[in-house]
Structures are given as C-alpha cells and as structure tokens.
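Below is one structure; the comments refer to it alone.
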Amino acid sequence: MSFFSDRLVAWQRSSGRHGLPWQNTRDPYRVWLSEIMLQQTQVKTVLGYYARFLEVFPSVDALAHASVDEVMPLWSGLGYYSRARNLHRAAQMVVAQFNGQFPSDPDLLVQLPGVGRSTAHAIAAFCFGVQRSIFDANVQRVMARYLGFEEDLASASAIKTLWAKAEALVPKQDGVNAMPAYTQGLMDLGATVCTSKRAHCGACPVAGDCQARLKQLTHVLPRKTRKLKRSSSTWYWLVLCRDQHHQCDSQSSIALPQLALHKRPDKGIWAQLYAFPTFEDEAALLLAWQNLGGQAGGLDWQPGFRHVLTHKDLNLVPVVAQLPSQAAPSVQMVGHGDMPLGHLEWVDVDQLIQGRWALPAPLLAWLKHSTFADTDKMC
DNA sequence: AACGCGGGGAC
DNA sequence: GTCCCAGCGTT
C-alpha cells in the first residue's frame, strides 16, 4: 500500500462513487457516450440525457444508422452541440472502419471525431485496462497538488510535463483489474475530496506524501493564469413566423399551427441547430420581412428576455409575424447579416414543444412558457 | 497559443 | 457577479 496507485485504487473501491449508470460496464459504447456527455458538463446534468439517449440508440450500430436530425434533439439543452455531431460521425466511423467494435488502442480511438487524448485514454482504461492516464481538469488539479507542481497550467509545455508525470503514476501491473478503479478514483478524488475551492486532506488517501499539503500550497495549486473574458452582451431578434395556411377559423377543419424554422449556419452559436429566423439588428429583420412581402403592422414585438452563456449574455427579442397570404410557404430569404437563409421548415408547434426538433434550450423554454404555445390563443 | 463553444452549479 | 466543470476542434 505504499504506491500512489495502490492507495487510490483501494480508496476508490471503499469510498469512491459506484452507482453511476456508466459505471459497472465495460461496454465501450456506453463508456464513450458518457465521456462525451461529461465533457465540461456536470454529472447531475448528464444523467437524464444519458438515459434518454441510450433508450433511443442502445448501440453504436443504431446510432450510426440514424440521421443526424434524429440525434440532435436528444442533445438539445446539453450545450456544446458539436459533440453530438462528432458523436454521430464517430459512430459511423466505428461501424465502417472498425467493424462495429471500438478499438482498444488509444492511438486509434483518438482518431474518432470528438475523442481527444484524454477521452481516448478514459475509454481504453475503463473498457480494456490499458495503462494510460486521463488528464482532465480533475486530474490536473490532483496531480499538481500531489506532486507540488507549480508551473502555470495555461502553458502547453507545463501540461505536457505534468501529463507525463501522471502517466508515470498509473498501476504497473494487472491493468484490466486496476485501471478502471484507478481512473475512476482520480475523477472521484478530484470531484469529492481534492476539490477546486478547498482540499479536504483529512479524507484523502494520499495526503501522507502530498507535496502541496506538506508545503501548504493546496490553496495555490494548480496555478492557471488564463482568465475568462466575457464580451459585452448581444441582441438577437427572433421571428416567430406563423403559417397562414394553417390559421384557425370557423370554416376550416382542425389545422395545427405551424412555425417557420431554419437551420443555423455551420459555425457560431447554435451551429446547425434549428432556430427561428434570427437577426442581429432590427434593420435586417425588417429588410427580410419586406422581402417576404410582409406589411407594416404585421409584426408583434414581444417582451425580450435574457439568456446567459459562458462568454456573453444574449438578449433575445421574439417577434411574432403574420405571413401574408400570397407568400409561398417555402421561400429563399436573405438578410441574416450576410448569411443567406436556407429554405424555411414549417413545423407543428406540438412537435417543437415535444422536443422533436433540436432547438437551443432558451428558445424551447420560451416557447413552452409563452402564451404563443397555447393553440387557443393563436386564433 | 488563443479562442469559441452551452449550460448549470457552487459560492 | 466569478469561477469551475469527465475537452475538443479550429485558427
């Protein structure tokens, strides 16, 4: 029990986390999915998404044969949506290039889109006992403190150096038995004991030779100079365009209200998700509205609301628009900054509310809580 | 090396 | 409010 890894493995088995749904399995598909969802995302948030995803796509084969439009709604609200697109592409790669079986070699795993070096090591360690180290923020903190590593982790060379030291600490023997517990132990220690704000050294299995504790540096390490810069808030105007052809009146049979969506561009915020036509200023909105044949007074400005992102605040203003009867239901619309809009998709409000389309979380939340979602009030 | 990318939680 | 979190891809 003298080695770091021995102590950590024993601690994980006695005091670590064991009941999480992606634990107690060596199914690479399930482990991989959990690792991707957990990137920059907390356990509590992931739980629901993970269960729903596996219910719809229980295997890598099922995921590979789906369309990306079936995958994205299951990610709606989770953030970092490129993860979902990479997940889908990676599933197709596993089927096409690895015969449906995840490889155990981290050098091959890292070729999958969305799988970086740390995630590749996690999959290899959990599923195949490969003796390589993960290196997420938890491990960086644990290692910087345990080793008394004082270099600035904003530097790439410092990261490289510390990662190499982490690799040197992995269990030397019986990887298949030890690596899953060891890897989980690193994460658990960082999440529950050696936490960012405070190190609970009394509960730590390796406090005895922790250099940060011995030098009273736990509150200083890890050093990381990079500061988060928040840019100023931005405004978006969102057009909620009703379909005239489905408007309710006393003569028509029951028709479902529909709204126009368009697919966001490949890059930038909400990339490739579906959103209401979005404009960065009122002039662009009005120009597009004019191009559509809209009339003055056909727009109803709703109260705006704020949505906070990591790097900036969004001020979102919904504008309800009544499309003129002569306009085609599908129209090429220009005026989204310098980005041409594609054809609009007309979608039942029901389907939006039920999460069948991949809307950004704030748009879906607003729709659900607005009177606009109430069919009666549309007539 | 710096930056963009969502959302939620802790304090 | 600020900072953090099972990071990765792009420039």
Side-chain angles (χ1 to χ4, degrees), chain A residues 16-17 20-23 30-50 72 75-87 89-90 109-126 133-142 152-160 163 166 180 182-192 194-198 219 222 224-231 233-234 264-273 275 306-314 316 358-365:
Chain A
R17 298 176 292 186
L20 298 170
W22 42 85
Q23 294 179 315
R30 289 176 172 253
V31 171
W32 166 62
L33 177 63
S34 76
E35 290 298 328
I36 302 301
M37 283 191 170
L38 286 160
Q39 287 170 3
Q40 299 294 291
T41 309
Q42 298 189 343
V43 168
K44 185 182 176 184
T45 304
V46 166
L47 288 171
Y49 285 89
Y50 186 75
M72 295 307 293
W75 214 271
S76 176
L78 199 52
Y80 285 127
Y81 299 100
S82 65
R83 291 185 294 175
R85 293 189 298 276
N86 286 334
L87 192 81
R89 286 201 300 140
L109 287 167
V110 80
Q111 294 176 10
L112 299 173
V115 176
R117 181 53 63 177
S118 183
T119 299
H121 288 187
I123 298 167
F126 278 127
S133 181
I134 56 170
F135 204 58
D136 54 44
N138 279 330
V139 181
Q140 290 174 24
R141 183 172 57 253
V142 168
D152 182 0
L153 297 188
S155 148
S157 68
I159 290 288
K160 189 177 174 184
W163 199 336
Y182 178 80
T183 304
Q184 189 65 49
L186 283 176
M187 295 172 170
D188 291 351
L189 194 67
T192 65
C194 196
T195 56
S196 178
K197 297 293 181 190
R198 193 160 70 88
H219 60 291
K224 193 186 273 184
T225 57
R226 186 160 169 247
K227 300 277 192 289
L228 174 67
K229 276 186 295 193
R230 302 198 81 239
S231 56
S233 63
T234 55
R264 296 281 307 161
D266 293 346
K267 299 189 174 189
I269 185 152
W270 304 330
Q272 296 180 34
L273 267 65
R306 180 168 292 239
H307 181 72
V308 178
L309 300 181
T310 303
H311 294 286
K312 68 178 89 169
D313 291 353
L314 303 182
L316 303 175
L359 293 185
L363 303 193
L364 183 58

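First the proteins, then the strands, lettered A, B, ... as listed; each starts at 1. Excluded from the calculations below are hydrogen atoms, water molecules and symmetry mates; all remaining heavy atoms, backbone and side chain alike, are included.
There is a side-chain donor-acceptor pair under 3.5 Å between A:R83 and A:T41.
Ring pair A:F135/A:W163 is parallel by interplanar angle, where below 30° counts as parallel and above 60° as perpendicular.
Each of B:dG6, B:dG9, B:dC5 was ranked by its minimum atom distance to the side chain of A:H311; first place goes to B:dC5.
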Practice prompt. If a protein heavy atom is under 4.0 Å from the base, mark B; if only from the sugar-phosphate, S; if neither, -; do that for nucleotides 6-11 of chain C going 5' to 3'.
Written response: BBSSSS
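A:S82 OG to A:D266 CG: the interatomic distance, rounded to the nearest 0.5 Å, is 12.0 Å. To the nearest 0.5 angstrom, A:W32 atom CH2 is 11.5 Å from A:T119 atom OG1.
No side-chain heavy atom of A:Q39 sits under 4.5 Å from any side-chain heavy atom of A:E35. Within the 4.5 Å cutoff, no side-chain heavy atoms of A:N86 are placed close to those of A:Y80.
Rounded to an integer number of Å, the gap from A:R85 CZ to B:dG4 C1' is 12 Å. At whole-Å resolution of the value, CD in A:Q272 and P in B:dG6 are 11 Å apart. Atom P of nucleotide B:dG6 and atom CZ of A:R306 are separated by 19 Å, given to the nearest angstrom. Summarising the geometry, the separation between CZ on A:R83 and P on B:dG7 is reported as 11 Å, rounded to the nearest angstrom. Atom CD in A:Q140 sits roughly 13 Å away from atom C1' in C:dC4 (whole-Å rounding). Residue A:L314 contributes atom CG, which lies 14 Å from atom P of B:dG4 at whole-angstrom precision. Rounded to an integer number of Å, the gap from A:K224 NZ to C:dC3 P is 13 Å. When the P atom of B:dC5 is taken as reference, atom CG of A:L309 falls 9 Å away, rounded to whole Å.
Rounded to whole Å, the C1' atom of B:dG6 lies 12 Å from the corresponding atom of C:dC5. C:dA6 and B:dC11 have their P atoms separated by 14 Å, given to the nearest Å.
Not counting sequence neighbours, the partners of A:T225 by the side-chain contact (heavy atoms from CB on, under 4.5 Å) test are A:D152, A:A154.
Nearest-nucleotide positions on DNA chain B place A:S155 closer to the 5' end than the other of A:S155 and A:L78.
Among the protein residues, A:A122 comes within range of no part of the nucleic acid, since none of its heavy atoms lies under 4.0 Å from any strand.
The base of B:dG8 lies outside donor-acceptor range of the side chain of A:T45, with no N or O pair under 3.5 Å.
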